[in-house]
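The structure under discussion appears below in the form of structure tokens.
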Amino acid sequence: MAPQELRYDGQTVVVTGAGGGLGREYAVFFGSRGANVVVNDLGGSFKGEGKGSRAADVVVNEIRSAGGKAVANYDSVENGDAIIKTAIDNFGRIDVLINNAGILRDVSFKNMKQSDWDLIMAVHVKGAYKCARAAWPYFRKQKYGRLISTASAAGLFGSFGQCNYGAAKLALVGFTETLAKEGLKYNILCNTIAPIAASRMTETVMPPDVLNSLKPEWVMPLVAVLTHQSCTETGSIYEAGGGHIAKIRWERAKGALLKTDDSLTPGAIAQKWKEVNNFAEAEHPQGPGNAMELLETAQQLP
Ligand code: NAD
């Protein structure tokens, strides 16, 4: 990819949850680089309570005042059809979808209410699904699409008090990696980011000096690269924040191969425990197919 200024002229970009934080940063950037932008935001609290039009309107005005093209949409991402319809009705197309909207309902597992679980799943998982589902037929028909899902370190590694959020965020990894496989032949590229940035979501849990080193504008350039027409990356996960950008991947220990007969007992596994856990000769699987090869090898053990 040439390091020239990336542009998105004539393309329509939908950014969900673009009324603040990271989403606002993305929307303003795309608006400044020639794209038509749909600024979606429900306008509620970071816990998912309430709603309003102000958050999205402020960002739309900011983009328009700078000479860009943008329209607001105030639907919840659970109503993804309406969000994509806003793009089609106003601009006649959709090229890029950034599933960014999100909320937190942090609470220990012991004290979690059903509503804390349900609301997180509804906004993050159902929301991303509904928006992608509505955009997909357009992506396929035009043989072009760029989709970003927003995961989190909480999903990749677990995080105290965030089992609902962590579960939803890792669900988006499986979702996006699958869409990457299904979209490939239609030039629909789908990647996941796990950002870290100062926003109303993180300002309650991080001290000001740390927040100063985590500006949302330092996550935006990665999103710009992954959604540009020159990008070829798909099915990948990237961490981004505070000037650090890095790909994350799965690693599988070489493991143990055991004969598939009566000798495959708990004791046999216990004996090979070191091999099972030894990453010295690890590999980096990219699909279920890699595991099938191993199973076939195990079947053929003498
Ligand atoms: P933020 O609260 O500033 O932005 C999220 C936006 O989504 C808000 O403007 C909110 O109104 C909107 N939103 C919430 N529910 C919605 C719904 N149902 N429909 C439409 N819009 C809705 O927080 P942020 O930090 O900018 O978060 C952006 C994304 O990044 C989220 O998915 C979040 O989980 C993820 N993330 C952020 C961090 C971080 O360090 N900030 C870390 C990991 C993941």
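The structure presented is a predicted model; accordingly, all values stated were derived computationally and were not measured. Order of appearance sets the numbers: ligands from 1, and atoms from 1 within every ligand.
- Less than 4.0 angstrom separates some heavy atom of Ser76 from each of these atoms of ligand 1: 17 (C), 18 (N), 19 (N).
- Put simply, the side chain of Asn164 gets close to the backbone of Asp116: a donor and an acceptor are under 3.5 Å apart.
- Within a 6.0 Å radius of OH in Tyr138, other residues, nucleotides and ligands contribute 12 heavy atoms or fewer.
- Geometrically, ligand 1 and Ala153 share no nitrogen or oxygen pair separated by less than 3.5 Å.
- If you take OG on Ser230 and CG on Leu6, they are separated by 6.0 Å, rounding to the nearest 0.5 Å.
- Using a 4.0 Å heavy-atom cutoff, Gly48 is absent from the residues neighbouring ligand 1.
- Between Arg93 and Gln142, the shortest heavy-atom contact is NH2-OE1, 3.8 Å.
- Asn111 and Ser108 share a side-chain donor-acceptor pair at under 3.5 Å.
- Of the protein's heavy atoms, Gly17 O, 3.5 Å lies nearest to atom 6 (C) of ligand 1.
- The nearest protein atom to atom 43 (C) of ligand 1, hydrogens excluded, is given as Pro195 O, 3.1 Å; this is a heavy-atom distance.
- In this structure, Arg140 forms a cation-pi arrangement with Tyr186, its terminal cationic atom sitting closer than 6.0 Å to the ring centre and no more than 45° off the ring axis.
- Closest heavy-atom approach to atom 12 (C) of ligand 1 among the candidates Asp41, Ile196, Ile193: Asp41.
- Looking only at heavy atoms of the protein, atom 22 (C) of ligand 1 is closest to Ala101 CB, 3.6 Å.
- Summarising the geometry, atom CG belonging to Asn191 is positioned 6.0 Å from atom SG belonging to Cys231; distances are rounded to the nearest 0.5 Å.
- Of all atoms in ligand 1, listed by their number and element, those nearer than 4.0 Å to a heavy atom of Asn40 are 20 (C), 21 (N).
- Environment of CZ in Arg200: crowded, with over 12 heavy atoms of neighbouring residues, nucleotides or ligands closer than 6.0 Å.
- Here is the list of ligand 1 atoms found below 4.0 Å of a heavy atom in Ala151: 43 (C), 44 (C).
- Remark: ligand 1 and Lys169 share an N or O pair separated by less than 3.5 Å (distance only, no angle test).
- Between Phe46 and ligand 1, no N or O atom pair is found at a separation short of 3.5 Å.
- Put simply, OG1 on Thr12 and CG on Asp95 are 5.5 Å apart, with the number rounded to the nearest 0.5 Å.
- Counting heavy atoms under 4.0 Å from ligand 1, residue Ser199 touches it through the side chain alone.
- Here the protein heavy atom with the shortest distance to atom 26 (O) of ligand 1 is Leu22 N, 2.8 Å.
- No side-chain heavy atom of Thr192 sits under 4.5 Å from any side-chain heavy atom of Thr150.
- If you number the atoms of ligand 1 from 1 as listed, the ones under 4.0 Å from a heavy atom of Ile103 come out as 14 (C), 15 (N).
- Against a heavy-atom cut-off of under 4.0 Å, Tyr165 is close to the following atoms of ligand 1: 33 (C), 34 (O), 35 (C), 36 (N), 43 (C), 44 (C).
- Taking a 4.0 Å cut-off on heavy atoms, Ala197 registers as neighbouring ligand 1.
- With ligand atoms numbered from 1 in the order given, ligand 1 contributes 19 (N), 20 (C) to contacts under 4.0 Å with heavy atoms of Asp75.
- Set against the non-hydrogen atoms of Thr150, the atoms of ligand 1 under 4.0 Å away are 29 (C), 30 (O), 32 (O), 35 (C).
- Put simply, part of Gly43 is less than 4.0 Å from ligand 1, judged by heavy atoms.
- Neither side chain, Gln229 nor Tyr144, offers a donor N or O lying under 3.5 Å from an acceptor on the other.
- Between Ser159 and Tyr165, the closest side-chain pair of non-hydrogen atoms is not below 4.5 Å.
- Put simply, no part of Glu25 is less than 4.0 Å from ligand 1, judged by heavy atoms.
- If you check which protein heavy atom lies closest to atom 28 (C) of ligand 1, you get Asn100 OD1, 3.1 Å.
- Here Leu42 has heavy atoms under 4.0 Å from ligand 1 in both its backbone and its side chain.
- Residue Val123 has no nitrogen or oxygen atom sitting less than 3.5 Å from a nitrogen or oxygen atom of ligand 1, judged on distance alone.
- To the nearest 0.5 Å, atoms CG (Asn100) and CD1 (Ile148) are separated by 10.5 Å.
- Polar contact with ligand 1: present for Arg200 (N/O pair, distance under 3.5 Å).
- Nearest protein heavy-atom contact of atom 5 (C) of ligand 1 is Gly102 O, 3.7 Å.
- Atom CG of Asp209 is surrounded by more than 12 heavy atoms from other residues, nucleotides or ligands within 6.0 Å.
- Taking a cut-off of under 4.0 Å to the non-hydrogen atoms of Thr202, the atoms of ligand 1 that pass are 39 (C), 40 (O), 41 (N).
- For the ligand labelled ligand 1, residue Arg24 lies outside the 4.0 Å heavy-atom shell.
- Between the CG atom in Leu97 and the CZ atom in Arg133 there is a gap of 13.0 Å [rounded to 0.5 Å].
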